[in-house]
Structures are given as structure tokens and as C-alpha cells.
Amino acid sequence: MPTATLLRVPDADALPQSFEIHPFDGPLGAEITGLDLGRPLAQHDFARIVRAHLDHHVLVFRRQRITPQQHVDFSRRFGPLMIHVLHQFHLPGFPEILTVSNVIREGNPIGLGDAGKYWHSDISYKAVPSLGSLLHAQELPSEGGDTLFANMHLAWDTLPSHLRRAVEGRQAVHSYLAKYGQMQKAANWRPTLSPDQLALVKDVVHPVVRTHPETGRKALFVSEGFTTQIIGLPKDESRAVLDELFAHSVRAEHVYRHAWQAHDLVFWDNRSLIHLATGCPAHLARTLYRTTIEGDVPF
Ligand code: SIN
């Protein structure tokens with residue numbers, strides 16, 4: 001399979017680290033312990049991480065006391081980083097980092113407080129969506145705040161045949177604006193988009209079933225957050241099929257629930273998964289920093 005999207009740049013003089021990869025007993029995910037991403041990464045160690053990411057789709061790196069610059073540097077080794085359209089929530093000095101936070105400081109939100117409150121694959125509303133995202137815990141609530149991940153390869157593999165027939169070879173519309181107005185009304189996190197921002201989030205079309213560019217595995221590529229319509233189906237039928245696809249995708253046997261620990265860095269594959277932020281009580285602070293790596297045009 002082609003691997004052109006990965007830069008795989010070795011750190012000169014990096015010493016190998018002795019770390020362990022523990023796959024979870026579930027539909028996806030693995031924990032990585034004993035690795036310090038603040039240190040230069042040897043090529044062999046990087047290759048193990050790339051392989052584990054393809055195999056498990058979510059990697060949980062424990063106890064990473066890394067700076068925003070180290071977060072950006074590590075992310076960049078997998079490809080160019082995407083700049084989120086909501087520049088209001090870029091971490092100051094780091095346009096590659098989106099602040100995901102419910103904290104209000106001096107009357108102003110420091111981040112996007114309702115980020116990810118619906119199932120989605122990051123940036124699927126762009127013609128070139130994301131390879132993967134890296135979310136680094138800064139401040140965690142004592143209760144709630146988990147993130148759910150659903151395995152879209154399993155969703156495809158187990159899709160009932162009437163749905164397979166309905167979607168094979170079809171394309172669907174992905175829209176950043178699909179839920180934006182609704183989210184804006186529900187809470188006060190989302191700014192009104194400027195004409196320049198609107199120009200960056202025009203609707204796009206992607207295959208309903210995509211092929212992972214590196215493993216060759218098929219995956220469903222729709223989400224309740226951004227997918228609005230299957231092209232070529234009457235509106236009612238498209239709605240009904242999408243609702244069935246969404247419900248099937250997030251069946252319990254496809255889902256891993258991540259309960260965050262201090263200094264976790266979680267790296268997921270947006271080509272294989274959708275995810276959802278479950279939220280936490282409003283009075284408890286939750287702040288994480290996210291980088292997002294550009295991927296390929298889905299096929
Ligand atoms: C996101 O969708 O990137 C945010 C996920 C989270 O806050 O758990």
C-alpha cells in the first residue's frame with residue numbers, strides 16, 4: 001500500500017527507547033507506556049508507532065509532559081498539519097493547535113467548548129480530510145469528559161446486506177455547517193463565521209465507503225456530525241439510510257470509551273474511526289490541545 005502521506009523523518013542521533021504497546025481488549029486501541037515523546041525519536045521507534053497506529057487506530061500515550069511545540073513537532077512527522085477554520089480558538093502562538101476547552105477567562109472562552117459533541121471524523125468537510133488527530137490533555141474534570149471512538153472498518157465489515165447494496169459506489173455530502181447553527185443556538189461557544197471563514201468550509205462530496213490508503217481496508221465514511229445526504233437517493237430514502245448507517249456505526253461492540261488520565265496524548269486515525277466528546281459538568285474545567293494531520297483525497 002502507498003505510504004506517501006507519511007514523512008517518516010528520522011531524528012538524527014536519537015537513541016532507541018524501550019517502550020511497550022498494549023492492545024486493548026476491545027474493538028480498537030492500544031496503550032503505549034515507557035515512551036517519552038519529549039525526547040528525540042529514533043526511526044525504529046517511530047516505525048513501531050506508525051505500525052501500531054495502523055493496526056489499532058487509537059494510540060494512548062500515557063504521561064506525556066510535552067510542550068505545545070513538542071506536540072506540533074511530533075504531529076508533523078506524520079504529515080502537514082491542518083489549520084482549523086475557527087482561528088479564534090488557536091492556541092496563541094500555535095495556529096496548528098486548536099484549543100478544546102470549556103474554560104471562560106475574563107468573560108471570553110479560551111477554546112471551543114462544544115468541540116466534538118457529535119459523532120464525526122475530523123475535517124471530513126474538506127476535499128482533503130484528515131489522516132489523524134492528536135489530543136493532549138491539559139486540565140481534566142474529576143467527572144465525565146470521556147471520548148468515544150467507533151471502528152468504521154468493523155462497521156463496514158458487519159453492515160447488513162440491504163445497507164451495503166444501498167451505499168456501495170455512492171457518494172455523500174459532508175458539511176461543516178450541517179450542525180453549526182443548531183450548536184450556536186444551543187450554547188454560546190460558536191462565533192458567527194466571517195465571509196473568509198465561510199469560504200473555507202464549502203460543502204464537499206466523499207465516497208460513503210472509503211479504502212484506507214495504507215492498509216487497503218474498507219471503512220464506512222459517514223457521520224452524524226457532517227454527512228447530510230447520499231447523492232442519487234431521494235431525500236427521504238437518503239435520510240433513512242444515513243440514520244441506519246449512523247446507528248449501526250456506533251453499536252457498542254464497535255466502540256472504545258477513553259477515560260482520560262493526566263497528560264494523556266491520544267492519537268487516532270480519522271480514516272478508520274469516528275469519535276464523540278461525551279461532555280462533562282459545566283462547572284468542571286476541561287482543556288485539551290488538538291493537532292490535526294492532513295490526509296489524502298478519499299477513494
Ligand atoms: C474533538 O472532537 O476533537 C474533541 C474530542 C474531545 O474533546 O473529547
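Order of appearance sets the numbers: ligands from 1, and atoms from 1 within every ligand. Please read all numbers here as calculations on a predicted model, not as lab measurements.
Ring pair Tyr176/His84 is perpendicular by interplanar angle, where above 60° counts as perpendicular and below 30° as parallel. Below 30°, between 30° and 60°, or above 60°: for His90 and His87 the angle between ring planes is above 60°, a perpendicular geometry.
No salt bridge links Asp264 with Arg63; every basic N to acidic carboxylate O contact stays at or beyond 4.0 Å. Between Arg271 and Glu214 there is a salt bridge, with a side-chain nitrogen of the basic residue lying less than 4.0 Å from a carboxylate oxygen of the acidic one.
Within the listing of ligand 1, atoms 2 (O) sit less than 4.0 angstrom from a heavy atom of Gly116. Applying the 4.0 Å criterion to heavy atoms of Arg290 picks out, from ligand 1, the atoms 1 (C), 3 (O). Using a 4.0 Å cut-off to heavy atoms of Ala277, the atoms of ligand 1 that qualify are 5 (C), 6 (C), 7 (O), 8 (O). Annotation for ligand 1: atoms under 4.0 Å from non-hydrogen atoms of His120 are 2 (O). For ligand 1, the atoms lying closer than 4.0 Å to a non-hydrogen atom of His275 are 1 (C), 2 (O), 3 (O).
For the 3.5 Å distance criterion, the side chains of Asp269 and His56 fail to qualify, holding no donor opposite an acceptor.
In terms of polar-atom proximity, defined here as any N/O pair under 3.5 Å, Trp268 makes no such contact with ligand 1.
Among protein heavy atoms, atom 7 (O) of ligand 1 sits closest to Arg286 NH1, 2.8 Å. Protein heavy atom closest to atom 8 (O) of ligand 1, with residue, atom name and distance, is Thr147 OG1, 2.6 Å. The closest protein non-hydrogen atom to atom 4 (C) of ligand 1 is Ala115 O, 4.1 Å.
Cluster membership check: Leu112 shares its hydrophobic cluster with Phe226, using side-chain heavy-atom separations under 4.5 Å among Ile, Leu, Val, Met, Phe, Trp and Tyr.
With atom 5 (C) of ligand 1 as the reference point, the heavy atom nearest to it among Val100, Asn102, Leu135 is part of Leu135.
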